[in-house]
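Presented below is the structure to which this report refers.
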Amino acid sequence: MPRLPRLNLIDIPQHIVQVGHNNLPCFFDDEDYQFYLICLKNAADQYRVDVHAYVLLPNMVQIIAMPRVPDGVPSMMQSLGRRYVQYVNHRYKRSGTLWRGRYKSSLIDSDAYLLTCYRYVELRPLYLGLADSLSDYRWSSFHHHVNTEENEVITDHRLYMALGETPRARAQEYRKLFRYSFDRHLLEYIAETIKLGHVLGGDAFKDKIEQIANQRVRPLKRGRPRKSKKVDHLPGETSSKKVENASGKTQQVNNNSANLATMES
């Protein structure tokens, strides 16, 4: 199924994924992770993008971010990628690309899926066997959301702020979201939306996005359109029309449903 055109709409969060070239590592020690976060903070500030959640993995980054201006996210990612690649090439005496093509992204229906996407992103280290617990993995926004570490990269979304009136209350409610395992079908659905660039949300949200963006966000159905079945007559209805016979004379013939096309329109 082909990817849809990438959408960048202000005040609508996106799930962003960028993978290393040939799935090779992009981070090699703690200093690399730290430098990437500095670059992310600077680029987000410069291009007015709110970063809500993230995880840095050895060969991949995943970010939940919301642009405040048109083209905020692509400008941020372009600046971030360029600066970090220059840093890696200089530090490790290498050249060439670091990332596998352009980043992928998916718009998120905030009310339905935003905090679910936080969990999806921050749970990656556990699913990949990189840590035994979320508190053991340093390079994600989980520590900020459970109030164990301040993080200048993060700008809290209104839905996270609504979890409680104080940082401690929000952290307690946020931890409760991780008590239950992820539904397998939901995991696959989120992964597919990222892979194909689809919108993560229900029909009402997709209708809204199509209206704002003035383009479709739903994939076309596979295969050729079905041909309408030709109907020779409708039961109980007859009509007549004149046709010319072999001798050139006209005669009346019964023709059921002669005006079917008009009736269907």
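All figures in this text were calculated on a predicted structure; none of them were measured in a lab.
Look at Glu173 and Lys176 and you find a salt bridge, because one of the NZ, NE, NH1 or NH2 atoms lies within 4.0 Å of a carboxylate O, short of that distance. Residues Glu188 and Arg184 are paired through a salt bridge, judged by an N-O separation under 4.0 Å between the basic side chain and the carboxylate.
Looking at His15, its side chain never comes within 3.5 Å of a backbone N or O of Ile63 through a donor-acceptor pair. Side chain of Arg94 to main chain of Thr97: a donor-acceptor pair is present (N/O by atom type, distance under 3.5 Å, no hydrogens or angles). When atom types are taken as modelled, the side chain of Thr193 and the backbone of Ile190 share a donor-acceptor pair closer than 3.5 angstrom. Checked by atom type and distance alone, the side chain of Asn22 never pairs as donor or acceptor with a backbone atom of Leu24 at under 3.5 Å. A donor-acceptor pair under 3.5 Å is absent between the side-chain atoms of Ser141 and the main chain of His144, judged by distance alone.
Considering CD of Glu152 and CD1 of Ile38, their distance stands at 10.0 Å, rounded to 0.5 Å. Here the straight-line distance linking atom OG of Ser110 with atom CG of Leu200 works out to 10.0 Å at 0.5 Å rounding. Rounding to the nearest 0.5 Å gives a distance of 14.5 Å between CG of Asp203 and NZ of Lys208. Atoms CD1 and NZ, on Ile154 and Lys41 in that order, are 10.0 Å from each other to the nearest 0.5 Å. Expressed to the nearest 0.5 Å, how far OH of Tyr113 lies from OH of Tyr189 amounts to 4.5 Å. The CG atom of Leu56 lies 11.0 Å from the CD atom of Gln34; values are rounded to the nearest 0.5 Å.
Taking the six-membered ring wherever Trp is involved, the centroid distance between the rings of Tyr137 and Phe142 does not fall below 6.0 Å.
Here the side chains of Leu123 and Leu134 are in contact, with some heavy-atom distance below 4.5 Å. Using a 4.5 Å cut-off on side-chain heavy atoms (C-beta onward), Tyr160 and Leu114 make no contact. Side-chain contact check for Pro74 versus Asn8: some heavy-atom pair is nearer than 4.5 Å.
Closest non-hydrogen pair, His52 versus Thr155, comes out as ND1-O, 2.6 Å. Of all the heavy atoms in Gly96 and Val85, the pair that sits closest is O-CG1, 4.1 Å. When all heavy atoms are compared, the tightest approach of Leu40 to Met76 is CD1-SD, 4.1 Å. Considering every non-hydrogen atom in both Leu130 and Pro58, the closest pair reads CD1-CD, 3.6 Å. Scanning both residues, Pro25 and Leu98, for their nearest heavy atoms gives O-CD1, 4.2 Å. Nearest heavy atoms, Val88 versus Cys26: CG2-O, 4.3 Å.
Annotation for Tyr180: atom OH does not count as buried by contact number, only 12 or fewer foreign heavy atoms lying within 6.0 Å. A 6.0 Å sphere centred on CZ of Arg91 holds more than 12 heavy atoms belonging to other residues, nucleotides or ligands.
Under the 4.5 Å side-chain heavy-atom criterion for Ile, Leu, Val, Met, Phe, Trp and Tyr, Val55 and Phe35 are members of the same hydrophobic cluster. There is a path of hydrophobic side-chain contacts, each under 4.5 Å, that joins Leu9 to Val199. Hydrophobic clustering of Ile, Leu, Val, Met, Phe, Trp and Tyr side chains at less than 4.5 Å, counting indirect connections, keeps Met66 apart from Val61. Hydrophobic cluster membership differs between Ile64 and Ile10, with clusters built from Ile, Leu, Val, Met, Phe, Trp and Tyr side chains linked at under 4.5 angstrom. Linking Ile, Leu, Val, Met, Phe, Trp and Tyr whenever their side-chain heavy atoms come within less than 4.5 Å puts Val121 and Ile16 in one cluster.
Checked against salt bridge (Lys or Arg N to Asp or Glu O under 4.0 Å), Asp50 has the following partners two or more places apart in sequence or in another chain: Arg68.
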Exercise. Give the intermediate values and the outcome of side chain to side chain contact (heavy atoms under 4.5 Å, CB included) for residues Asn42 and Gln46.
Key: CA-CA 6 Å; Asn42 292 339; Gln46 180 179 356; over 6 Å; no
Worksheet item: Which is it for Phe27 and Tyr84 under the ring-ring contact (aromatic ring centres under 6.0 Å, His included) test, yes or no, and what are the steps along the way?
Response: CA-CA 10 Å; Phe27 304 99; Tyr84 184 71; 5.3 Å; yes
Does the pair Tyr54 and Asn151 meet the rule for a side chain to side chain contact (heavy atoms under 4.5 Å, CB included), with working shown?
CA-CA 11 Å; Tyr54 69 83; Asn151 192 325; 2.8 Å; yes
Exercise. Under the side chain to side chain contact (heavy atoms under 4.5 Å, CB included) rule, what do Leu187 and Tyr127 come out as? Steps first, then yes or no, please.
Key: CA-CA 11 Å; Leu187 280 172; Tyr127 287 139; 4.2 Å; yes
Legend entry - side chain to side chain contact (heavy atoms under 4.5 Å, CB included) between Leu7 and Ile212, worked out: CA-CA 10 Å; Leu7 294 172; Ile212 295 173; over 6 Å; no
* Asked: Can Tyr87 and Asp32 be said to form a side-chain hydrogen bond (donor to acceptor under 3.5 Å, both in side chains), step by step?
  -> CA-CA 9 Å; Tyr87 157 84; Asp32 296 343; 2.7 Å; yes
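Sorted by first and then second residue, the salt bridge (charged side-chain N to carboxylate O under 4.0 Å, His left out) pairs with a member in residues 112-141 read Asp30-Arg138; sequence neighbours excluded.
Tested against Tyr174, the residues His145, His143, His157 include a single ring pair (Phe, Tyr, Trp, His ring centres under 6.0 Å) partner, His145.
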